[in-house]
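What follows is one structure encoded as C-alpha cells, with my remarks underneath.
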2 protein chains.
Amino acid sequence: MVSARASRALSRSRQDYLKVLHDLGGEGPVTVTSLARRLGVSAPSVTNMLARLAEEKLVRLHHRGAAQLTAAGTREAIEMVRRHRILETFLVQVLGLDWADVHADAEVLEHHVSDRVLEAIDRLCGHPSEDPHGHLIPDRDGRLERRALVPLASLRPGQRAVVREIRDREARRMARWKQAGLVPGAEVRMRDVRESDGVFEIEVGGSAFVSAGEAVDGVLVQPAREGNDS
Amino acid sequence: MVSARASRALSRSRQDYLKVLHDLGGEGPVTVTSLARRLGVSAPSVTNMLARLAEEKLVRLHHRGAAQLTAAGTREAIEMVRRHRILETFLVQVLGLDWADVHADAEVLEHHVSDRVLEAIDRLCGHPSEDPHGHLIPDRDGRLERRALVPLASLRPGQRAVVREIRDREARRMARWKQAGLVPGAEVRMRDVRESDGVFEIEVGGSAFVSAGEAVDGVLVQPAREGNDS
DNA sequence: CGAAGAAATTAGCTGTAACTAATACCCGTG
DNA sequence: CACGGGTATTAGTTACAGCTAATTTCTTCG
Ligand SMILES: [Mn+2]
Ligand SMILES: [Mn+2]
Ligand SMILES: [Mn+2]
Ligand SMILES: [Mn+2]
C-alpha cells in the first residue's frame, strides 16, 4: 500500500504557489492579490500561473481570480509543508542553526531534497511531530492534526495560555520574541489590555513586558481551561 | 581576512559547466564536444553557454571552442567541488546513505545549500579532508592538494598498490567495485595481465578476481614503493 | 590539392516564469 | 444609473537555458 507518489516533479514555483494557497486558503478561495503579495510577484504573474495550475488540475478557478486547491493540489501542498518543517527541525536540531533563521534555508531546500534524503533526515530527527516553531508536521500520508489556537493578542485580561506556534517568516521579530521568552511551550498570562491604544502587558515566565498588538501578531496560544486562575 | 566571497550567485547551469571544465581541464583547454558529452547537452548549447561564461570572465575562449577557466572561474569551480564533496560526506556519514548512491543528490544540493548550512554540515562532519570515494576536499580558500595516482589497470604484473579514489558517477559500477572490495584504502596486487584480450587478474584483500580493463577504469591507485615485494 | 568527415557555429524555436503597461471588469456611492 | 477605485486580465517583453537543422570551418587523407 505504497501511496501513489506520482513521478512528475512540480517546478519550484508551482510548489510554492500550492503551499501558499494551502496556507492562505484554509477553506475558502484565495484572491490573486493576496497570493501576489505573499509570493512577492506581480498580479499578472499570479493570474498566469493559476491558469496553468488549473489546467493541471491542481487548483480550481472560481470567478475573478478566486482560486482553491483541488484534492491533488492539497496533497502536493501538504507534502511541501511536511518537507519544509522536517527540514527546519533538522537545521535546528542537527546542524544547530538558530531557530529564528532557518526558514529561508528550508524555503529553498524543500524543493531540492530527494525523497530518500528527506526520509533519512526525518529518521535522524526521530520523526518529529512539530517543527522548531511549534508547527505540526504532517505525516507521510498527509494527515495533519488541527489545533484550535488563538492569537496572543486576543487573550482577555487575566487569562492564562500556553504559547504553541510562532510564525516563522520574519527573522527580525522572531529574535525579539525569543528573547522575551515567547517560545513554544512558554506559559503566559495577559495582565492588562489598554483598549485605548492597543497596548498590553504580558507576563511570561515570571517577568512581564509590554507590547503593541501588531508586535505579537504571529504568536498563537492555547488558552488555559477557564477557571484555573490559581 | 575574510576572503572576498563575492555575492554573485551563479546559476545552476553555470556552476555545473565550471565544475566540469575544472574536472576535464586539468590544465589544457577543453573541447565543446567533451563538455557536451559530459554535461548531457547538445553542442550548440555548450557553444552558447561558453560565450556567456567568457563574457562574464569565467572562462577564456581559444580558437574553435577550446575553453579554459580563468582564475575567477577556477575559484568558483573549486568552490563547487568543495560543496559537492562535503555534501557527499555528510550524506554517507551522517544520514547513512549508501556510498554508491549519494552522487546524484550531492549534484543537486551543491547548488542550493547556503554557505551557512554548508559550514554547519562541514563542522558536523569534522571538517573531513576526503569524501566517501577518496576524493580530496578543497579547503575554504580553494587549496587542493595534488596526488599522483594511476589507473588500476595500468599496474604491471606483480605490482602492489593502495586504492585511493573511486569515480563516483556510475552507481552501477560502484556497487560492483564495492562488493569486490575495491574501496579507498584497500590494498591490491596485480596478479596477471593478458595483453591479448585486455583481461587481468587482481588480488584484493586476500581473494582475487578477474576483470576486463574498462570495467575498472575509474579506480585510481597509489602504487607501492618499488622493491617491497615481500 | 581537393574532398570527406568531424567539430563548431549560426539561425531559429521552445518552455518556464517573471515583468510592465494597458485594458477590462465589478461594486459601492452619490 | 453612472462613475471611480480597486482588482483582475490581456498584451507584449524579457532572461535563461535548452533544442534541431543547416551551415561553416578545420583537418586529414587519397
Ligand atoms: Mn519554497
Ligand atoms: Mn516553521
Ligand atoms: Mn550539479
Ligand atoms: Mn565523490
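In what follows, chains are A, B, ... by sequence order, proteins preceding strands, each numbered from 1. Basis for what follows: all heavy atoms, side chains included, without hydrogens, waters or symmetry-related copies.
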Can you name the atoms? Protein N/O to nucleotides 26-28 of chain D N/O, anything below 3.5 Å, with the distance.
residue : atom : partner : partner atom : Å
D:dC26  : OP1  : B:H63   : NE2          : 2.9

Measure the distance from [atom1] on [X] to [atom2] on [N] and round it to the nearest whole Å.
{"X": "B:R37", "N": "C:dA7", "atom1": "CZ", "atom2": "P", "value": "9 Å"}
{"X": "B:L50", "N": "C:dA7", "atom1": "CG", "atom2": "P", "value": "16 Å"}
{"X": "B:E56", "N": "D:dC16", "atom1": "CD", "atom2": "C1'", "value": "11 Å"}
{"X": "A:R52", "N": "D:dT9", "atom1": "CZ", "atom2": "P", "value": "15 Å"}
{"X": "B:H111", "N": "D:dA17", "atom1": "NE2", "atom2": "C1'", "value": "14 Å"}
{"X": "A:H62", "N": "C:dC25", "atom1": "NE2", "atom2": "P", "value": "21 Å"}
{"X": "A:L53", "N": "C:dA18", "atom1": "CG", "atom2": "P", "value": "10 Å"}
{"X": "A:N48", "N": "C:dC19", "atom1": "CG", "atom2": "P", "value": "11 Å"}

Compare the minimum distances between each of [options] and the side chain of [X], then state the nucleotide with the smallest one.
{"X": "B:Y17", "options": "D:dG18, C:dA8, C:dA18", "result": "D:dG18"}
{"X": "A:S45", "options": "C:dC19, C:dA17, D:dT20", "result": "C:dC19"}
{"X": "A:T47", "options": "D:dG18, C:dA18, D:dA8", "result": "D:dA8"}
{"X": "B:P44", "options": "D:dT10, C:dA17, C:dT9", "result": "C:dT9"}
{"X": "B:M49", "options": "C:dC19, D:dA8, D:dG18", "result": "D:dG18"}
{"X": "B:S42", "options": "C:dA18, D:dC19, C:dT16", "result": "D:dC19"}

### Query
So A:H133 and A:E165, side chain to side chain donor-acceptor pair (under 3.5 Å) or not? Walk me through it.
CA-CA 6 Å; A:H133 316 104; A:E165 299 184 0; over 6 Å; no

### Query
Can you check salt bridge (Lys or Arg N to Asp or Glu O under 4.0 Å) on B:E119 and B:R140, steps first, answer last?
CA-CA 10 Å; B:E119 292 313 321; B:R140 215 176 291 89; 3.0 Å; yes

### Task
Would you check if A:R164 and A:P184 make a side-chain contact, meaning some heavy-atom pair closer than 4.5 Å?
no

### Query
Is the shortest heavy-atom distance from the side chain of B:P132 to the side chain of B:T89 under 4.5 Å?
yes

### Message
Just verifying a value: how many Å separate A:T74 OG1 and A:L18 CG, rounded to the nearest 0.5 Å?
### Response
8.5 Å

### Task
Calculate, to the nearest 0.5 Å, the distance between atoms CD and NE2 belonging to B:E170 and B:H103 respectively.
9.5 Å

### Query
B:R14 near the nucleic acid: base, sugar-phosphate alone, or nothing, with a heavy-atom cut-off under 4.0 Å?
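Answer is sugar-phosphate: B:R14 comes under 4.0 Å of backbone atoms only.
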
#### Entry: Single hit among A:R83, A:R12, A:K19 for salt bridge (charged side-chain N to carboxylate O under 4.0 Å, His left out) with A:E110
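Answer to the salt bridge (charged side-chain N to carboxylate O under 4.0 Å, His left out) test with A:E110 among A:R83, A:R12, A:K19: A:K19.
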
### Query
Would you say D:dC16 has OP1 or OP2 under 4.0 Å from some side-chain N or O of B:S13?
no

